[in-house]
Amino acid sequence: MSKKLVVGQIGCGAFGTDIHGTLAHKHPNIGKMKWACDVFDRNAQAFAKRFNVEKTTASFTDVTTDPEVDAIFIATTHEARVPIIESAAKHGKHIFCEKPMAMTEWEAYQIVRAVKQSKVKFCVDYMRRMAPAVTALKREWLKHKAHPKHQPWRYTEKPREKLLEEKTTDFLVRVQDESSSYRMVHLDPFHGGGLIIGEAVHWLDLACWLFDNDRPVEIQAWGSARMRYGIYLTFQSGNAATILMTPNGTFDYPKEMYEIAHDAALFRMEFFVENQYYGRPGPEQELFPLARDPLPKVGKEGGLSGFLKKHQTRCNESKNVKTDWGALLADHGYGEMFNGFIEAILHDKPVPCSAMDGYHATYLGELAMKSIELAKPMPVPVDKWDYYVDV
Ligand SMILES: NC(=O)c1ccc[n+]([C@@H]2O[C@H](COP(=O)([O-])OP(=O)(O)OC[C@H]3O[C@@H](n4cnc5c(N)ncnc54)[C@H](O)[C@@H]3O)[C@@H](O)[C@H]2O)c1
């Protein structure tokens, strides 16, 4: 397809505006942003004004049934997706859907079925798998896995065969956040569903993407599914992912740190701006540019140190976190995922994150919450992983 796309935005709240609107507005293959749809008229109007959008509506069917529209972007609240996706797929619109794709397995099933019945491209925005720092982390780990090289000074007690645990890879996600900023709707069990189904799905998806075809076999979670939890996800090969989340941290330090430990080496990502590599000869550090940088003159060295200086400066210059902080943005992969979706439409390629990926993350999120309720590990049955939806 060589034509420029006509698109509609459904859900014009904070994220739809800041990320979808901004990316669509400047995308060279998007010819027209035709619709801004929101049940809250003021949000639709503000979106339309900001991005020069032709029409506004409160009814998503105006967008999904418009013959001129090629693709829709969904950034509604989580619980509203199914009827929008069913209608869009039925009318042949390509769909970019925010995370979580669904809040329950049943919702996910309906979405997978609707997409399978149609020929549309459907992409879920688990964009962390597209972030440059994250793809670099995976690349370095895989390189080491294929050809392990150790530091010459490494001490080995006595050469021996590795034990089984020593042949595996451990992936750690540490998340620290300051919960005073949370909108309480995210913690409501039937709207936001809490932070496992609303947010940990990002890291569950990331673990599945990192370990590729390695099938998860068991999940164990503890704490509170709402906002303070730990999750241990084990894979068939013995690989494991640990996700630790505290809401009792501080905005003064970035939220996410990932570590991959494998065969006497450690690969660490600090908040999408800096990777550190230990235990193998070669570069020890890699830095990544920001997606948006309102303070290019501050923290010019980049990486975590540069980011913290920029952050400190904006804290000193800011009176209101909500209105003043938006512009400083590390590269979480938003642009890469969005571009991947548009490329998939234009060149009939696979999307970077499919409906089945979206189902997997939701299923694991639900299972983690069940594990907390029952205080026991939960198996991931093979038929729930190799999910078959008949159409
Ligand atoms: N990918 C990411 O990292 C990321 C980050 C933040 C938010 N999100 C996701 O984006 C979505 C939106 O989050 P937000 O912070 O912008 O929330 P928000 O509440 O600011 O915006 C949601 C908007 O959707 C509208 N809406 C709800 N139901 C609708 C319907 N049926 N039709 C049309 N409009 C409808 C609401 O009126 C609201 O304006 C959430 O699902 C969230 O998980 C993703």
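Bear in mind that the values here come from a model prediction, so they are computed numbers and not experimental data. Order of listing sets the numbers, starting from 1, for every ligand and every atom in it.
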Query raised in the report: Which is it for Phe96 and His20 under the ring pair (Phe, Tyr, Trp, His ring centres under 6.0 Å) test, yes or no, and what are the steps along the way?
Result: CA-CA 10 Å; Phe96 187 78; His20 292 187; 5.4 Å; yes

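- For Arg81, every heavy-atom contact with ligand 1 shorter than 4.0 Å involves the side chain, none the backbone.
- When the heavy atoms of Ala46, Cys37, Cys12, Gly13 are ranked by distance to atom 21 (O) of ligand 1, first place goes to Gly13.
- Within the structure, the closest approach of Tyr126 to ligand 1 does not fall below 4.0 Å when heavy atoms are considered.
- By the criterion of a heavy-atom distance under 4.0 Å, the side chain of Asn43, and not its backbone, is placed next to ligand 1.
- Closest to atom 3 (O) of ligand 1, if we only count protein heavy atoms, is His202 NE2, 3.1 Å.
- For the ligand labelled ligand 1, residue His332 lies outside the 4.0 Å heavy-atom shell.
- Proximity to His78 (heavy-atom distance under 4.0 Å) selects the following atoms of ligand 1: 40 (C), 41 (O), 42 (C), 43 (O).
- With contacts defined as side-chain heavy-atom distances shorter than 4.5 Å, the pair Leu204/Leu233 qualifies.
- At a 4.0 Å heavy-atom cut-off, ligand 1 does not touch Phe60 at all.
- Qualifying salt bridge (Lys or Arg N to Asp or Glu O under 4.0 Å) partners for Glu284, counting only residues two or more places apart in sequence or in other chains: none.
- Heavy-atom contacts of Gly11 reach the following atoms of ligand 1: 24 (O), 34 (N) (cutoff under 4.0 Å).
- Scanning the protein for heavy atoms near atom 17 (O) of ligand 1, the closest one is Arg183 NH2, 3.5 Å.
- Between the side chains of Tyr388 and Asp386, no donor N or O sits under 3.5 Å from an acceptor N or O.
- What sits closest to atom 31 (N) of ligand 1 on the protein, heavy atoms only, is Ala80 CB, 3.9 Å.
- Looking only at side-chain heavy atoms (C-beta outward), Arg129 and His202 stay at 4.5 Å or farther from each other.
- When the heavy-atom distances from atom 25 (C) of ligand 1 to Asp38, Ile19, Asp125 are ranked, the shortest goes to Asp38.
- Nearest-residue assignment for atom 42 (C) of ligand 1 (options Glu79, Glu98, Lys99, His186; heavy-atom criterion): Lys99.
- Ring geometry, Phe338 versus Phe73: the interplanar angle falls from 30° to 60°, so the pair is classed tilted.
- Under a 4.0 Å heavy-atom criterion, Ala75 is in contact with ligand 1.
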